[in-house]
Amino acid sequence: MLSVLIDRILLALSATTTAILFAWLLNYSSYGLDLSDEGLHLNSIANPFAYAINFPPSLFGFVYHWPYQWAGGDIAVLRIANVTLTMALGWILSFLVIGHLWTARWPQAAVLSAGIASLGLCNFSGWWLTPSYYSLAFQSLLMVMTGLLLAERPGLIRQLLAWILVGLGGWCCFMAKPTTAAAIAFVVILYVVVLRRKSLLPMLGAALVALALLIVAAYLIDGGITGLAARMIKSAELEIVLGAGHEVSLMFRIDRFATSSSQVAIGVLVAIALLLSILMGSMHKLLTSLALAVLLTATIAIALLGIELITIKQLTLFLVSAFTCLGAMFYRQGLVLRAQTPTSVALALTFLVLPHLFVLGSSINYWSLGAMAALFWMLAVVAFLSPLAQQRPSVATLLPLTVLAQLLTASVVNAGIHKPWRQVKELRAYAAAISMPGGGKLVLSQSFRDYLATARAKARAAGLEVGTPVVDLTGLSPTLLYVLETRALGLPWLFGAQPGSNAVAVETLGLENCADLANAWVLIEPDGPYRLDQARVMASFGARQADYVAAATFNPPVFEDYNPNATRQFLFKPVRPAALAEQSCGEARRERPHGQKWSQW
């Protein structure tokens, strides 16, 4: 009776901790804004039909466009929906894994799976709460794996829903990252046919669902499959032009596991503590329970007070999972290995590789970026340790895993709040509210808020109207264009500081209408580290600096990890007659070599 009472108290405390972690992110959903990446995401979502190609090659903007409209353009509401969907999908998948491999009753499984699912909040670790192709890819993988597990359950209705969910997840994955979609399709085939030895026929139904959704999307976006295929091919070619390392030859690689000796030591110690609490918990029930209660209290303190009890790097999430599985192999002469079932092996292997599939095709280190999907590594541990369900109560084994997942989540997310990506440090200290397009408000650092507010006031005073086309040659300020409610020409973000940045700008602006370019304003940062070649890019549409007059100047804030030497920006207004500018644009395009005129596509 005492043991049952202790478990109930710990489960209640764990459920409270999960709720606090979830509410934590919701509470800060209106805080912070990134000058670069979020501008790409917001411009893509707000007006996805404005661009003939997508860079990177992702159609995520079309998927999130209607939720964006439903939210009235309120970024905070959109972030709340994004966090809620991610948490819900992670919870459902974790619940199915526990229900399939363990013997906990459903109320216990619901609490345990919710705690484990909180690790999915690491997908927002750099404070990337705004929907993006990464969040859509992660949500898609969660849907696919949920469908595969649901298909293991009897019943025609469940089977039908399962494979519809797999098809929906596959389609969403293609819309997010085609490279990840191709990889997960291969994994699904491997899982169903080779590892689980099931019929291929239900999977064909899922493929038909994904294909039907893709055809509908193709007609809505480009009028048909041919148009969508051309869009994706040109988008992929553009990545190669940029020269940032997205070539197919570089896609399949094993990156260096970059971590410090201190993080390895933390991983080892945490894994040892976890294994001791799992394997020796029945012998020292009170001591183990007290330790878990302390950890849950510490997790709550991290979330509510922002205390940095321990610095956990994202790669440590993999180290903890790997060392836990490695240590469990030695328990009772390899009992965990000997008692594995085909289902547990198939799930453990699948979950193990999913973080790498999640980032497949990225130029960033796969280990570092893959840690955003660390929930899959933890679920691999849950599947690998499932033979212990035959030796001890499931709650006794899974509760330490749940508590660990919650503590790691709090540590990683707290680090992101202290040092948000490409923003002023310490998100909790932000206090300057600013109205955003759509009527919502965000709370920013004072320097960033002043920059955006001043830029908007000066631009409006200079005559910049809502919807005006703008060519951004700073290479880093797409968010400013979103706040000014202008239309970024060429791409939602004309990237800077890459070998082919200028070529990409020239090619994508070549796809724009000359009438829009003739009336476009130009934003430059002459001394900026990410600036594009102003003369070359403007010459591509028949313009020179003499055709513009400086209408406003802005002083962007300093971001230590991105733009430590921020310099003044200038907003230029066209002064040439629009007809003459349009004529010059047409002449400049005719003079370009035929092989470079993408505008003919």
Side-chain angles (χ1 to χ4, degrees), residues 41 44-45 48-49 54 56-71 78-79 81-93 96 117 120 123-124 128-151 160-189 191 203-222 225 228-229 231-232 235 350-351 354-362 369-370 372-373 375-376:
H41 303 149
S44 299
I45 294 170
F49 295 95
N54 299 95
S58 172
L59 303 171
F60 78 98
F62 296 98
V63 177
Y64 288 126
H65 178 60
W66 285 276
Y68 175 84
Q69 290 185 317
W70 167 79
L78 196 64
R79 289 174 175 178
N82 194 34
V83 172
T84 302
L85 178 60
T86 300
M87 184 66 188
L89 290 172
W91 190 357
I92 295 171
L93 176 59
L96 290 174
N123 194 249
F124 312 111
W128 301 310
L129 272 64
T130 299
S132 67
Y133 50 92
Y134 282 123
S135 63
L136 182 58
F138 183 56
Q139 292 160 359
S140 303
L141 294 178
L142 291 172
M143 284 190 282
V144 170
M145 293 307 300
T146 298
L148 291 179
L149 277 168
L150 195 59
L160 184 62
L161 290 176
W163 291 108
I164 289 176
L165 189 59
V166 172
L168 176 62
W171 171 75
C172 288
C173 201
F174 176 85
M175 299 294 282
K177 292 187 69 197
T179 51
T180 299
I184 194 59
F186 175 77
V187 168
V188 169
I189 295 173
Y191 178 88
M203 194 182 65
L204 294 178
L208 289 176
V209 171
L211 181 60
L213 290 172
L214 182 60
I215 291 174
V216 172
Y219 274 93
L220 290 175
I221 296 171
D222 287 310
I225 291 292
L228 185 66
R231 172 190 291 267
M232 299 309 292
S235 299
T350 303
F351 284 132
L354 282 181
H356 268 63
L357 302 187
F358 164 70
V359 297
L360 185 66
S362 173
L369 199 57
M372 292 173 63
L375 172 61
F376 294 128

Side-chain contact, heavy-atom cut-off 4.5 Å: [X] with [Y]?
X: W163; Y: L148; value: yes
X: V187; Y: V144; value: no
X: I189; Y: M203; value: yes
X: M372; Y: W128; value: yes

Roughly how far, to the nearest 0.5 Å, is the [atom2] atom of [Y] from the [atom1] atom of [X]?
X: M232; Y: S58; atom1: CE; atom2: OG; result: 7.0 Å
X: L220; Y: L228; atom1: CG; atom2: CG; result: 10.5 Å
X: M143; Y: L168; atom1: CE; atom2: CG; result: 5.0 Å
X: N123; Y: L129; atom1: CG; atom2: CG; result: 9.5 Å
X: L204; Y: L211; atom1: CG; atom2: CG; result: 11.5 Å
X: L89; Y: M145; atom1: CG; atom2: CE; result: 13.5 Å

Exercise. Could you note down all residue pairs passing side-chain hydrogen bond (donor to acceptor under 3.5 Å, both in side chains) where residues 139-151 supplies at least one of them, sequence neighbours left out?
Key: Y64-Q139, N82-Q139, T86-Q139
Quiz item: Quick check, are the ring centers of Y134 and F60 under 6.0 angstrom apart?
Solution: no
If you compare all heavy atoms of [X] against all heavy atoms of [Y], which two are closest, and at what distance to 0.1 Å?
X: H65; Y: P48; answer: ND1-CD, 3.4 Å
X: A137; Y: A176; answer: N-CB, 3.5 Å
X: H41; Y: P131; answer: CB-O, 3.6 Å
X: C173; Y: I184; answer: SG-CG2, 4.2 Å
X: L141; Y: F358; answer: CD1-CB, 3.8 Å
X: W171; Y: A210; answer: CD1-O, 3.9 Å

Exercise. Could you check L214, T179, L213 and say which one makes a side chain to side chain contact (heavy atoms under 4.5 Å, CB included) with F174?
Key: L214
Quiz prompt | Verdict with reasoning, L93 to F351, per side chain to side chain contact (heavy atoms under 4.5 Å, CB included) | solution = CA-CA 11 Å; L93 176 59; F351 284 132; 4.1 Å; yes
Quiz item: When you look at L142 and L375, which way does the side chain to side chain contact (heavy atoms under 4.5 Å, CB included) test go after all the steps?
Solution: CA-CA 10 Å; L142 291 172; L375 172 61; 4.0 Å; yes
Exercise. Could you tell me whether W91 atom CH2 has more than 12 heavy atoms of other residues or ligands within 6.0 Å of it?
Key: no
Practice problem: Just say parallel, tilted or perpendicular for the rings of F49 and W66, cut-offs at 30° and 60°. | Solution: perpendicular
Quiz prompt | Which residues share a ring-ring contact (aromatic ring centres under 6.0 Å, His included) with Y68, sequence neighbours left out | solution = none
